[in-house]
Amino acid sequence: MEAYEVDQAVIAMKQMTFKTKYQRSRDHMSIISDTLENYVMSEEVLQSVTQRLLKEMRKGLSKSTHSDAKVKMFPSFVKSIPDGKEDGLYLALDLGGTNFRVLLVKLQPGKKPVIESQIYKMSNEIMTGPGEELFDHIASCMAEFLERLELKDQVLPVGFTFSFPCRQDGLDKATLMAWTKGFSAPGVEGEEIVGLLRDAVHRRGDLNVSIVAVVNDTVGTLMSCAYDVSDCAVGLIVGTGCNCCYMEKLKNVELVPGTDGDMCVNMEWGAFGDDGVLDDIRTDVDLQVDSNSPNSGRQLYEKLISGMYMGEIVRRIIVQLAEAGVLFNGQVSEALRTPGNFDTAFVSQIEAYAPNGLNHLQSILHRLDVGAMHSDCEIVQLVCRVVSTRAAFLCASGIAAIARKTKDNYPDKDNLEITVGVDGSVYKKHPTFSKNIAEKVAQLNAGMGVRVKFALSHDGSGKGAALIAAVARNDS
Ligand code: GLC
């Protein structure tokens, strides 16, 4: 037996300072390092991912290559950021995960928006059952909310945040390309979703709403952040899913006529890699996670980063290590063996406890019927750290690409500064994710004349959707 430090054994772990106090045999250490080094993204790989994404972005924007592009770069028809003069009462709907929210947003120039909201759980039956029932459910939540606030008789403009990949043909026209994030309701893919919602509203016959805008959550996030920070040019979500939008020169958005001004582009970058361009960095576990997902072969970049998959990646690595005999004395409980049983929230908690909270960590593992020694806990912490660091770094490569693309639009500005507005549970709750992204973007773009700052965006899906509805109303 020989004492071995994990940071030496695993990759000479450039980004990591983790040291274990416990002794492990050289054999065990080399199994751990052989497994984990596949998740370590070198500067060279990350730079190459940035270059690959830049290429995909151009392919998605250009009319001649758009149909073959995996990163779709959908125009959002949002052309300007809010100017603070937006006014009035709006309804915002937010569908994008297991919670559906209805919000009433009061905008007043010079004052903070006032928001009243209600969360409605989306059951699995509704997420995967007939599309018509999904939209009937949305309409009935809206009716219940408006009734409670005694607003059912007032005509309200609605901003609908629908956080799935949609081709937009106007601010209130969006066709769902494919479900993501565990939704699979039949009869919606290929359909125009504002029409589906209007139909559901008409079926009820008791609602006085006018749906004026349909918005991706990234776009809402950008708008909501831009309301507070004027140089906000990018909206990023790292939650259940992962996606980004940014302000592009309209002349580069070839799917939309016009050459003057800007347009916000919903990148749908989750699909980056769906044509195989990221295959060299995907591990055996990534392949398993993908093939066990409801949308196998799709959203491959998202599956390396977002909260829907992070815990599952960690779980599978832990099972591999246990089966190889280096964790939990070789024992794998049924609970640990069950897909989906390792919440991404655990990853955040486990890393937050490092390095002094091994007892807390033992209790988390205990919930999965795993009896872990302190030395096991340290390895589990390391697995979490490697997987979440990879996610943050890959996301940073994406942001670095957007910053470079934006810089190309402003060749005369020597030191361009842009702010990325961010939302999502992984970004907000994980102890080091935000720091890891910011540091890595700065490293990747060092000397390129563009500096990226990050700002938390508050309630993009509510405030942002209402702002877009307000701008739409003023424009019409
Ligand atoms: C998925 C969706 C995308 C959304 C993202 C974050 O990637 O396809 O539209 O923005 O999740 O919620």
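When reading the values below, keep in mind they use all heavy atoms of this one structure, side chains included, and skip hydrogens, waters and symmetry mates. As the structure lists them, so they are numbered: ligands from 1, and atoms in each ligand from 1. Residues take their numbers from the sequence shown, with the count starting at 1.
For the pair Glu302 and Lys181, the salt-bridge criterion is not met [side-chain N within less than 4.0 Å of a carboxylate O].
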(Q) Go through it in stages, so that I can follow the logic: the residues are Asp94 and Arg101, the test is salt bridge (Lys or Arg N to Asp or Glu O under 4.0 Å), and I'd like the CA-CA distance, side-chain angles, deciding distance and then a yes or no. (A) CA-CA 5 Å; Asp94 176 15; Arg101 288 192 317 153; 3.3 Å; yes

Q) Do Glu56 and Lys70 pass the salt bridge (Lys or Arg N to Asp or Glu O under 4.0 Å) test, and can you show the C-alpha distance, the side-chain angles, and the key distance before you say yes or no? A) CA-CA 7 Å; Glu56 297 298 309; Lys70 291 295 179 190; over 6 Å; no

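Counting heavy-atom neighbours within 6.0 Å of Lys413 NZ, excluding the residue itself, gives a total of 12 or less. By the 6.0 Å contact criterion, NZ on Lys407 is enclosed, its count of non-hydrogen atoms from other residues, nucleotides or ligands being greater than 12.
Protein residues with a heavy atom under 4.0 Å from ligand 1 are Ser163, Phe164, Pro165, Thr180, Lys181, Asn216, Asp217, Thr218, Ile237, Gly241, Cys242, Asn243, Glu268, Gln299, Glu302.
To the nearest 0.5 angstrom, Asp172 atom CG is 11.5 Å from Leu197 atom CG.
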